Undergrad: 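Below you will find the structure I want to go over with you.
Model, not experiment: these values are computed from the prediction. Every heavy atom of this structure was used, including side-chain atoms; hydrogens, water molecules and symmetry mates were not.
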There are 2 protein chains.
Amino acid sequence: MLDDDANVTVRAEIRCSTCPVRHRAVCARADADELALLDSVKFYKTYQAGQTIALRGDPLEVLSSVVTGTATLSQSMEDGRTQIVGLLLPSDFIGRPGRDTVAHDVTAVTEVTLCCFRRKPFEDLLVNMPHVQVRLLEMTLDELDAARDWMLLLGRKTAREKIASFLLLIAQRTVSNTISNSDLACDDEVRISLPLSRETMATYLGLTIETVSRQFTALRKDGLITLDGTRTVIVPDVAALSAEVGDGD
Amino acid sequence: MLDDDANVTVRAEIRCSTCPVRHRAVCARADADELALLDSVKFYKTYQAGQTIALRGDPLEVLSSVVTGTATLSQSMEDGRTQIVGLLLPSDFIGRPGRDTVAHDVTAVTEVTLCCFRRKPFEDLLVNMPHVQVRLLEMTLDELDAARDWMLLLGRKTAREKIASFLLLIAQRTVSNTISNSDLACDDEVRISLPLSRETMATYLGLTIETVSRQFTALRKDGLITLDGTRTVIVPDVAALSAEVGDGD
DNA sequence: CGGCTGCTTGACCGTCATCAATAAATGTGG
DNA sequence: CCACATTTATTGATGACGGTCAAGCAGCCG
């Protein structure tokens with residue numbers, strides 16, 4: 001995992017206390033002692049957009065938290081069909097203590113900075129960091145819920161519902177990363193800047209790139225969204241878009 | 001959760017030491033002290049096929065392990081479209097410490113016996129049961145992997161591939177529940193008795209009941225399976241069926 | 001035996017994938 | 001800064017896979 005071709009490794013360039021994901025990542029509820037432990041062993045790595053961070057089956061040597069940028073977890077079939085099975089946004093955790101190989105391909109879709117720990121030392125430290133342990137279980141349970149919600153989308157939703165769900169998901173996550181966990185309910189229009197290309201969205205939603213494009217056009221023609229360039233979506237009426245999702249998300 | 005209409009509650013009718021899931025459930029690596037703690041607070045409940053075990057949004061009062069039988073986790077949309085997001089077979093855990101409401105609908109598909117714990121006491125005990133805590137994280141990570149594998153199936157696989165994947169999944173889980181975790185690679189034919197109806201399979205696979213039925217027929221005509229009644233499938237050549245899956249599962 | 005439920009089969013149709021051609025955005029070098 | 005090349009996105013034409021609607025069939029139990 002975390003191959004070193006053409007990416008930068010820096011040891012502890014940021015103090016945890018000023019870290020942008022300090023209060024949401026796996027260290028969220030770490031006390032002073034725990035934080036000092038983490039701080040002493042952590043290091044940063046940066047990957048460029050498009051770079052592979054890890055491949056399924058690789059030895060799992062490094063665990064990490066996303067500090068900035070967006071990465072994907074994906075699963076592929078022999079003939080090339082691929083499904084993104086997880087979006088990794090700032091504060092999300094990569095890798096799992098107790099496993100020795102990587103379970104899914106990890107790819108940077110924008111420039112990504114990771115806060116890294118070597119796996120073995122981290123696992124050893126974990127015993128003495130009950131708050132981190134609890135937080136890790138909590139985050140894993142959240143991911144499980146998210147994965148299961150996505151299963152409903154993949155198995156049962158129409159292309160239009162998938163796009164609407166996706167836009168609202170990104171809107172929600174953007175809002176809760178800027179403002180402090182507020183819900184997205186304001187009547188104002190919302191500007192979303194998409195971290196993903198049409199192709200990546202298609203891979204995430206179980207669609208083709210053409211269908212994604214057509215649904216964007218359709219939503220635009222129906223006045224539910226406005227496009228500013230290709231990567232910025234304006235949602236004039238969040239409630240109206242929510243009505244397209246098909247369930248109470 | 002765990003409403004009491006028409007189901008049986010029995011306190012500690014089985015000793016943990018003779019429990020069929022003792023070595024695979026959340027208690028798998030519990031030591032003598034931990035097991036004694038669990039034993040003193042556990043109780044059993046039995047649900048009939050078709051009964052609702054819990055509904056999304058219910059207060060989460062009881063956590064449990066499946067001892068015998070099969071249950072499903074499912075997620076529904078307003079208009080009734082439903083996706084099964086998890087199969088619960090013996091040893092699987094239901095509910096999550098740290099949450100106070102049920103996240104998904106839980107339904108018994110056969111008669112189900114659960115080994116139950118009231119949530120609050122269980123959470124308190126958890127602090128003193130490190131082995132249980134670790135096992136719980138491990139099981140949650142396994143579930144997450146399984147959910148993500150299923151996302152590939154739901155998003156990218158054809159109906160035929162879905163059915164083949166499902167049959168092999170059940171075959172694998174049946175084998176590893178009888179023989180001790182051996183892999184299913186024997187050249188002999190394998191008999192699978194399906195715990196699910198066509199309808200439930202469809203809900204699990206993101207298909208309709210008609211498509212499931214048609215694919216069973218197609219696989220039968222191609223000599224990949226034989227049906228004995230409607231609930232028993234004989235796979236004469238596991239490798240041949242595996243070739244229909246599309247990836248190295 | 002009739003009625004019920006669950007499964008299979010058939011006919012038809014819609015959604016989305018596929019193939020293909022532009023068009024727009026992005027990048028590169030002169 | 002513009003011409004050109006390359007990637008990314010849009011739009012169109014067509015068809016296949018799986019969904020829908022509907023009828024028949026099989027097993028089960030009173």
Undergrad: For residues 192-217 of chain B, which residue pairs qualify under salt bridge (charged side-chain N to carboxylate O under 4.0 Å, His left out), counting only residues two or more places apart or in two chains?
TA: none
Undergrad: Indicate yes or no for a side-chain donor-acceptor contact from A:Gln83 to the backbone of A:Thr203 under 3.5 Å, with no hydrogens or angles considered.
TA: yes
Undergrad: Are B:Met201 and B:Phe216 side-chain neighbours, meaning at least one heavy-atom pair lies under 4.5 Å?
TA: yes
Undergrad: Do A:Thr72 and A:Tyr204 have side-chain heavy atoms sitting under 4.5 Å apart?
TA: no
Undergrad: Provide the closest heavy-atom pair for B:Leu88 versus B:Phe93 in the form atom of the first, atom of the second, distance.
TA: CD2-O, 4.1 Å
Undergrad: Would you say that A:Ser165 contacts A:Lys157 through its side chain, given a criterion of any heavy-atom pair below 4.5 Å between the two side chains?
TA: yes
Undergrad: Polar pairs (N or O, both sides) under 3.5 Å between protein and nucleotides 14-17 of chain C?
TA:
from	atom 1	to	atom 2	distance (Å)
C:dC16	OP1	A:Ala159	N	2.8
C:dA17	OP2	A:Thr208	N	3.4
C:dA17	OP2	A:Thr208	OG1	3.2
C:dA17	OP2	A:Thr211	OG1	2.5

Undergrad: Not counting sequence neighbours, which residues clear salt bridge (Lys or Arg N to Asp or Glu O under 4.0 Å) with A:Arg81? List them please.
TA: A:Asp79, B:Glu161
Undergrad: Can you give the donor-acceptor pairs under 3.5 Å from side chains of residues 102-112 of chain B to other protein atoms, not counting sequence neighbours?
TA:
from	atom 1	to	atom 2	distance (Å)
B:His104	ND1	B:Gln75	OE1	2.7
B:Asp105	OD1	B:Arg56	N	2.8
B:Thr110	OG1	B:Thr70	N	2.9

Undergrad: Does any part of the side chain of B:Thr230, heavy atoms only, come nearer than 4.5 Å to the side chain of B:Leu194, both counted from C-beta?
TA: no
Undergrad: List, with names and distances, any nitrogen or oxygen atoms from the protein found under 3.5 Å away from nitrogen or oxygen atoms belonging to nucleotides 24-29 of chain D.
TA:
none

Undergrad: From CG of B:Leu219 over to P of C:dT8, roughly how many Å is that when rounded to an integer?
TA: 12 Å
Undergrad: Please state how far atom CD1 in B:Ile163 lies from atom P in C:dT8, giving the value in whole angstrom units.
TA: 10 Å
Undergrad: With sequence neighbours excluded, what pairs up with B:Thr232 under the side chain to side chain contact (heavy atoms under 4.5 Å, CB included) test?
TA: B:Arg191, B:Ser193, B:Asp228
Undergrad: Please output the side-chain donor-acceptor pairs of residues 217-226 of chain A that fall under 3.5 Å, not counting sequence neighbours, one pair per line with the distance.
TA:
from	atom 1	to	atom 2	distance (Å)
A:Thr217	OG1	A:Ser213	O	3.0
A:Asp222	OD2	A:Arg160	NH2	2.3

Undergrad: Please list residues of residues 194-205 of chain A whose heavy atoms come under 4.0 Å from any atom in DNA chain D, ordered by number; otherwise none.
TA: A:Ser197, A:Arg198, A:Glu199
Undergrad: Using atom CD of A:Glu210 as one end and atom C1' of C:dA21 as the other, report the distance to the nearest whole Å.
TA: 12 Å
Undergrad: Shorter than 3.5 Å, N or O on both sides, protein versus nucleotides 23-28 of chain C: list them out with atom names.
TA:
none

Undergrad: Quick one: side chain to side chain contact (heavy atoms under 4.5 Å, CB included) partners of A:Ala25, sequence neighbours excluded?
TA: A:Val21, A:Cys27, A:Ser65, A:Ser91
Undergrad: Please enumerate all residues that pass side chain to side chain contact (heavy atoms under 4.5 Å, CB included) together with A:Leu144, with sequence neighbours excluded.
TA: A:Arg148, B:Arg96, B:Thr140, B:Glu143, B:Leu144, B:Ala147
Undergrad: Between B:Asp92 (side chain only) and B:Leu89 (backbone N and O only), is there a donor and an acceptor less than 3.5 Å apart?
TA: yes
Undergrad: Are A:Leu196 and A:Ile84 packed together at the side-chain level, in the sense that at least one heavy-atom pair is separated by less than 4.5 angstrom?
TA: no
Undergrad: Five pairs per end, C1' atoms only: what is the angle between the end axes of the helix from C:dC1-D:dG30 to C:dG30-D:dC1, to 10 degrees?
TA: 40°
Undergrad: Output the rounded distance in Å from CZ (A:Arg220) to P (D:dA9).
TA: 15 Å
Undergrad: Take atom CZ of A:Phe216 and atom C1' of D:dT8, then tell me their distance rounded to the nearest Å.
TA: 14 Å
Undergrad: Kindly give the heavy-atom pair with the smallest separation between B:Pro236 and B:Ile234, and that separation in Å.
TA: CD-O, 3.4 Å
Undergrad: Given atom CD1 of B:Ile209 and atom C1' of D:dA22, what is their separation to the nearest angstrom?
TA: 14 Å
